[in-house]
Amino acid sequence: MSFPVDLIRKDFPILTRKMSGKPLIYLDNAATTQKPQIMIDTIVDFYSNYYANIHRSVYEFSQIATEQYETARTIIKEFINAETTEEIVFTRGATEGINLIANTYGKKFLKKGDEVLVTEMEHHSNIVPWQELAKEIGIILRYIPMNDNGELVLDNIDDLINEKTKIVSIVHVSNSLGTVLPIKMLFDKAKKVGAICVLDASQSIQHLNIDVQEIGCDFLVFSGHKIYGPTGIGVLYGKSNLLENIPPYQTGGDMIRSVSFERTIYADVPQKFEAGTQHIEGAIALGASIRYIHNIGLEKIFAYEHELLNYATNKMKEIPEVTIIGTAKNKASVISFMLEDIHPHDVGTILDKFGIAVRTGQHCTEPVMKHFNIPATTRASFAFYNTIDEINVFINGIKEVIETFK
Amino acid sequence: MDAINELYQEVILDHNKNPRNYGKPEAYTNFAEGFNPLCGDRVEIYLNLDNDIIKDIKFEGKGCAISKSSASIMTTLLKGKTIQDAKEIYSEFLEIVMHGCDGLEVKDEDLEVFCGVKDFPTRVKCATLGWHTFEEALKDQKV
Ligand SMILES: Cc1ncc(COP(=O)(O)O)c(C=O)c1O
């Protein structure tokens with residue numbers, strides 16, 4: 001059976017809108033994804049029908065709100081196959097998740113000379129927090145290099161993962177190149193030297209089935225807005241024994257069991273990491289989005305997105321002026337490209353006039369741009385609501401750009 | 001596609017391909033570097049000032065067609081002018097890229113190619129980068 005994309009498009013109200021006077025063709029899904037009606041309705045329902053703070057009061061609405069919030073945690077636990085719901089911490093997003101790990105686990109357990117290993121294709125959010133730690137306590141940040149296809153070069157991996165390595169923190173799918181990284185192999189090696197494994201699943205959670213127990217990661221982070229949920233909400237998964245043994249990231253209300261001026265006892269996990277009033281509707285609505293894509297099925301989503309990726313890649317290869325940046329064998333539905341010396345910002349401006357939304361710039365991966373010696377790329381990234389017809393319009397748009405600059 | 005054609009007209013594309021006064025001069029009195037972190041565009045402006053005359057102006061940089069051609073056209077306009085005149089041209093340019101040319105009597109014809117930029121608010125910063133950097137270079141006290 002073919003993928004029911006026409007039906008799915010009806011679930012996303014924005015897809016009927018026009019942009020720059022043309023039907024919207026949204027190909028910026030790696031930056032953020034559009035929202036299904038069920039997620040929007042969930043937010044409206046919360047504010048219209050049972051709005052209250054959570055974990056605080058005995059009245060009915062507060063209880064319903066708390067139940068819904070905790071149900072979302074359970075949905076996420078099942079989605080990534082965590083062992084317990086306590087292992088799911090709500091954050092503001094992937095960025096906050098990595099900062100939390102660096103500032104709690106990192107500061108408590110790492111010392112001068114210890115090594116943290118990342119890759120050359122990390123998003124800045126998985127580089128800068130470790131650099132701060134390097135400044136503060138003298139850890140050493142190392143990275144696994146990549147080749148010109150955008151695949152990791154593993155020749156020196158047994159030097160890079162050594163007895164000094166304490167954290168291996170890697171991106172699952174590169175946001176600027178689309179490469180799917182061989183995380184299982186890297187994490188197996190990391191575990192042999194006793195390092196903990198952190199997975200940045202920002203660009204994989206919406207495409208690939210993730211089972212944290214099978215992958216064997218100790219921490220995992222992602223952002224809700226990239227998996228059809230709201231902005232401002234994200235998830236940190238951490239193994240319970242780790243979460244229990246690291247200090248809180250922020251302190252204040254909700255994250256305590258008892259407070260006196262002499263001493264405070266923290267709440268158990270995950271509340272220990274959820275200080276202050278939370279992004280309640282964000283969590284509940286993220287639960288709704290995840291349930292929605294779980295019902296469609298990630299295998300089907302991935303297979304369909306791959307069709308789009310292959311179709312677009314082949315069409316683009318027919319255009320001599322196009323150079324695709326990121327040609328790994330194993331890719332998710334992301335295509336970064338250059339059009340000879342036409343600057344990506346000029347490409348983006350012209351495509352916008354066709355109603356096509358693409359990202360132009362460095363995609364928060366300056367080391368990747370440096371590797372390829374380019375100032376920026378244009379990036380098209382596909383979701384399961386995109387169509388072959390849209391890709392045809394996009395391909396024509398590219399030809400129009402080339403024509404304009406002839 | 002009218003707006004697009006107005007933005008990317010011949011003159012812009014020509015200056016993008018063959019930027020005028022491009023390259024680092026051997027000697028210069030003033031220098032400044034400009035950067036647009038949003039798009040990664042970068043420009044360097046070199047001035048040779050003789051009292052208040054801009055004897056020479058050159059630029060180098062990496063960027064989109066709008067920022068490159070704007071810097072190139074700027075150098076052709078400002079070369080040989082007094083600083084006072086240059087500042088007036090800069091004001092006129094700013095007026096054009098912010099508000100367009102409707103109801104405006106454009107004194108420097110060469111600036112008319114920028115009349116369409118105002119329809120692309122995200123691109124105004126590209127057009128002004130070189131000019132803004134020129135203004136910074138005037139403040140350079142290297143000599
Ligand atoms: C691979 C990767 N990691 C981390 C992030 C950061 O996500 P957020 O900005 O939602 O915190 C992104 C978002 O662009 C990403 O693509």
Side-chain angles (χ1 to χ4, degrees), chain A residues 18-23 28 31 124 128 176 321 325 336-379 393-394 396-406, chain B residues 1-19 22-23 33-44 59-73 97 100 113-130 132-133:
Chain A
K18 290 188 167 177
M19 186 173 80
S20 299
K22 298 277 163 53
D28 195 17
H124 294 164
V128 187
S176 51
E321 290 86 351
I325 307 291
S336 263
F337 63 97
M338 306 293 289
L339 294 181
E340 292 189 328
D341 59 353
I342 307 174
H343 196 279
H345 276 86
D346 299 315
V347 179
T349 295
I350 296 177
L351 291 179
D352 169 59
K353 292 294 149 192
F354 288 93
I356 301 168
V358 293
R359 171 89 187 261
T360 57
Q362 307 181 325
H363 321 293
C364 299
T365 55
E366 261 188 74
V368 172
M369 300 300 123
K370 200 168 155 208
H371 178 101
F372 290 99
N373 195 24
I374 47 180
T377 74
T378 307
R379 180 188 71 190
V393 177
F394 165 63
N396 281 336
I398 291 178
K399 290 179 179 158
E400 201 64 41
V401 174
I402 295 166
E403 202 50 43
T404 306
F405 275 81
K406 267 242 162 82
Chain B
M1 298 318 295
D2 284 355
I4 281 292
N5 287 335
E6 183 168 1
L7 184 66
Y8 293 106
Q9 47 187 293
E10 292 284 309
V11 181
I12 300 273
L13 297 175
D14 176 46
H15 277 268
N16 179 46
K17 267 222 172 86
N18 311 300
Y22 193 83
E33 188 179 23
F35 189 63
N36 179 351
L38 199 70
C39 51
D41 284 2
R42 196 172 44 77
V43 67
E44 285 122 41
F59 84 105
E60 265 190 337
K62 274 214 166 83
C64 64
I66 308 301
S67 77
K68 219 158 135 194
S69 59
S70 179
S72 172
I73 291 169
V97 293
V113 294
F114 298 110
C115 294
V117 173
K118 71 150 199 325
D119 295 328
F120 298 85
T122 57
R123 307 306 299 278
V124 171
K125 279 225 161 73
C126 308
T128 55
L129 180 65
H132 186 72
T133 310

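The sequence lines fix the lettering, A, B, ..., with proteins before strands; numbering per chain opens at 1.
Here the straight-line distance linking atom NZ of B:Lys62 with atom CG of A:Asp341 works out to 11.5 Å at 0.5 Å rounding. Atom CG in B:Asp119 sits 7.0 Å away from atom NZ in A:Lys353 (nearest 0.5 Å). Note: B:Asn16 CG to A:His343 NE2 = 10.0 Å, rounded to the nearest 0.5 Å.
The part of B:Leu13 that comes within reach of chain A is its side chain, from C-beta onward, which places non-hydrogen atoms under 4.5 angstrom from that chain. When heavy atoms are compared at a cutoff of 4.5 Å, B:Ile12 does not approach chain A at all. Residue A:Thr349 touches chain B through both its backbone and its side chain, counting heavy-atom pairs closer than 4.5 Å.
Shown here for A:Lys406 and B:Lys17, the closest heavy-atom pair between the two residues is C-NZ, 4.3 Å.
Taking the charged nitrogens against the carboxylate oxygens, B:Arg123 and A:Asp346 do have a contact shorter than 4.0 Å, which makes a salt bridge.
In this structure, the side chains of B:Tyr8 and A:Ile350 come closer than 4.5 Å at one or more pairs of heavy atoms.
Within 6.0 Å of the NZ atom in B:Lys118, the count of heavy atoms belonging to other residues, nucleotides or ligands exceeds 12. Residue-environment remark: NE2 (B:His132) stays at or below the threshold of 12 foreign heavy atoms within 6.0 Å.
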